[in-house]
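Below: one structure, written as structure tokens.
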Amino acid sequence: MRTSQYLIATLRETPADAEVISHQLMLRAGLIRKLASGMYTWLPAGLRVLHKVTAIVREEMNRSGAMEISMPVVQSAELWQESGRWDKMGPELLRFVDRHDRPFCLGPTHEEVITDLIRNEFNSYKQLPANFYQIQMKFRDERRPRFGVMRAREFLMKDAYSFHINQASLEQTYQLMYQTYSNIFTRLGLNFRAVLADTGNIGGSTSHEFHVLADSGEDDIVFNSTGSYAANIELADGVIKDLDDGSAAMLESREINTGNAHSIEELCALLDLPATRLIKTLIVKAEVTDTNPHGLMALVLRGDQALNDIKAEKIAGIVCPISFASDAEIETVLGCKPGCLGPNKLDIPVVVDRSAENMRNFVCGANKAETHLMDANWGRDCHFDQVADIRKVKEGDLSPDGQGELLIKRGIEVGHIFQLGTKYSEAMKAAVLDENGRSVLMTMGCYGIGVSRIVAAAIEQNHDTNGIIWPEAIAPFQVAIVPLNAHKSPRVTEVSEHLMAELEKAGIEVLLDDRDKKTSPGVKFADMELMGIPHRIVVSDRGLENNELEYKFRRAEQAENVPVDSIMAFLSARIAS
RNA sequence: CGGAGUGUAGCUCAGUCCGGUAGAGCACCGCCUUCGGGAGGCGGGGGUCGGAGGUUCGAAUCCUCUCACUCCGACCA
């Protein structure tokens, strides 16, 4: 390819409405342009990258034995009503009617369509297991699209759905997909982690997310140094090192005046105690029942620990999404404002985190204005109804498997695999006959990859001040040829053209920067670097006088000279490796 | 959906407070010079100042409404 016949849509300056680096560089390198919020046109160079990612995903999915299909983007409401998600989904599902006033939606995911297909096609256990996938544009009307294609409304996704006669078969395919995903992200050249994940509303028992590590990621992922444990912070478990073992002798408790000190920090300063000696009591909304007429619940943690909302939402009776009780509600029910609350003599359910379960002689609110309880103890002064893990793990906690300490890093979720169970097959009556001629609901799994998001994630992980540094597997071109003074030097032109032809014959993708003499060398260098092309050859009279070409690897500091007649061997060795 | 902000040339922005001929740099077109790190000179094209309404002799500028976009939060199989 020649730049003179290609859309090199590079921008010198950063567009004002791009905040994260991948979004800025995708615009500046001329990969995408915005049509509307969360919707992007892929320009030629960007589409080349997207296609390379797609090709790797497709190859590995095919290798795993999955079958590629293509389902409609537009889906009729009936199926969604049948699964119950038409009402459950909310405005994220973009709905509209056709000319006959029949309701439709743009597919945000395809569980309904695939389940409908398979319940009609499959009759026997002998047809199982089976795994189907597609690579297709999805549409989700996100409340707040952001960061370019990282969180877009229209995005390219690989989604796969597997069908099984039982849980054991599902687990086999699940493992296969786990391995397939690991292969895909390895081939893409990304630094990633597979982590245990929350199954969220989709249900099911087991789920893993695949995260590309990058500081701009939207998720916190937790893992130990040996790699034997990794989880999304939403459900990560960890062991506190300095946990109180509850062996100390109980001291006499007493009320103390703490004035206007309300926060843990203020109390620590006032009492000259570490936060680990304090107890934090949070009041959240709960369902109103006979046993809990106030509709509130107390969540108790050690003073230095933070609440994990996702974990807390799993406690029976808590209102989802979790919300804190207002000051007025707390005062009405507990007779005290927040700031002096404690788990003593509360007539609402009290859930204590394991971090506070065994504490001795702690400080907690006395449920009385400006008053805290010193040297309080469970049983004698305070009570709890239930112990649960509701704590957000911290860096430095011990790994739950006993292997070292936990690290926390930011991650971009690029893949997610689920064991669905029978959620959809039950709702949509998708069954086959087993070997005894009995009708059995199929067990399902589903497996997603954010293909367009991978492009952004790769940039987040691979860039410098000059622009993108593509992993070689997904670069739009492998080699850039930059001729200098081609308009004056027939020899430079000839060598450049010849090299391009040779490389293309060898199946290597080349971009020859043959823009006219008005495009200065500096502009060409800057553009090729901005676009992140991994290998660059400069052809100049100066070099040719010594029979040399200049080679520079995008990641390297320095360029090096290579004899003209060994350039093909030189390049094919580097590109292969 | 709550909070904040921004809309002026393809891009980055000035001009708005204090109403009076629509600006700069880059990009683009032509000619000349230059040619290994975003060159220089001369000449040129390009805008209903997001939209609608209002105030005024006169509105990019003041007022009202509206639309779009961005950020923070909430939300997110």
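We name chains A, B, ... by the order of the sequence lines, and we start the count at 1 in each one.
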Qualifying residues under ring-ring contact (aromatic ring centres under 6.0 Å, His included), relative to A/F553, sequence neighbours excluded: A/H535
Base, sugar-phosphate, or nothing: which does A/H487 touch, judged by heavy atoms less than 4.0 Å apart? base
With the threshold set at under 4.0 Å for non-hydrogen atoms, list the residues of residues 210-219 of chain A touching RNA chain B in residue-number order. none
For B/rC1, give its Watson-Crick or G-U wobble partner with both distances under 3.5 Å, or none. B/rG73
Comparing nearest nucleotides in RNA chain B, the 5'-proximal residue of the pair A/T14, A/E550 is A/T14
Determine the Euclidean distance between corresponding P atoms of B/rA60 and B/rA22; express it in Å to zero decimal places. 8 Å
Length of the CZ-P vector between A/R536 and B/rG37, whole Å: 11 Å
Given the C1' atoms of B/rG45 and B/rG51, what is the spacing between them in whole Å? 27 Å
So what does A/E112 touch, heavy atoms closer than 4.0 Å: a base, only the sugar-phosphate, or nothing? nothing
For A/L11, which contact category applies under a 4.0 Å heavy-atom criterion: base, sugar-phosphate, or nothing? nothing
Once you apply the 3.5 Å cut-off to both distances, tell me the Watson-Crick or G-U wobble partner of B/rG43, or none. B/rC29
When both distances are under 3.5 Å in a Watson-Crick or G-U wobble arrangement, the nucleotide paired with B/rG36 is none
Before giving the answer on salt bridge (charged side-chain N to carboxylate O under 4.0 Å, His left out), spell out for A/E548 and A/R542 the whole-Å C-alpha distance, their side-chain angles and the decisive distance to 0.1 Å. CA-CA 9 Å; A/E548 281 176 341; A/R542 198 172 78 188; over 6 Å; no
Could you work out the separation of B/rC17 and B/rC63 based on their P atoms and round it to a whole Å? 9 Å
What integer number of Å spans the P atoms of B/rG23 and B/rG44? 14 Å
Taking the same atom, P, in B/rA52 and in B/rU61, what whole-Å distance lies between them? 12 Å
Grab the CE-C1' distance between A/M528 and B/rG38 for me, whole Å please. 13 Å
Give one of base, sugar-phosphate or nothing for A/R515, where a contact means two heavy atoms less than 4.0 Å apart. nothing
Please give the distance between the P atoms of B/rG36 and B/rG20 as a whole number of Å. 49 Å
Going by the rule ring-ring contact (aromatic ring centres under 6.0 Å, His included), which residues pair with A/F192 if we only count those two or more places apart in sequence or in a different chain? A/F185
Contact string for nucleotides 39-44 of chain B, one letter per nucleotide 5' to 3', B = base within protein heavy-atom range under 4.0 Å, S = sugar-phosphate only, - = neither, reads S-----
Nucleotide forming a Watson-Crick or wobble pair with B/rG53, both distances under 3.5 Å: B/rC63
Answer for the Watson-Crick or wobble partner of B/rU6, both distances under 3.5 Å, is B/rA68
Using modelled atom types only, decide if a donor and an acceptor are shared between the side chain of A/R153 and the backbone of A/G38 within a distance under 3.5 Å. no
I need the residues from residues 542-549 of chain A with at least one non-hydrogen atom less than 4.0 Å from RNA chain B; give them sorted by number, or say none. A/R542
Using heavy atoms to find the nearest nucleotide of RNA chain B for A/E234 and A/K524 separately, return the residue whose nucleotide is more 5′. A/K524
Protein-to-nucleotide contact annotation, 5' to 3' order, nucleotides 68-73 of chain B [B base; S sugar-phosphate only; - none; under 4.0 Å, heavy atom]: -SSBBB
Partner nucleotide, any strand, of B/rA24 [Watson-Crick/G-U, under 3.5 Å]: B/rU12
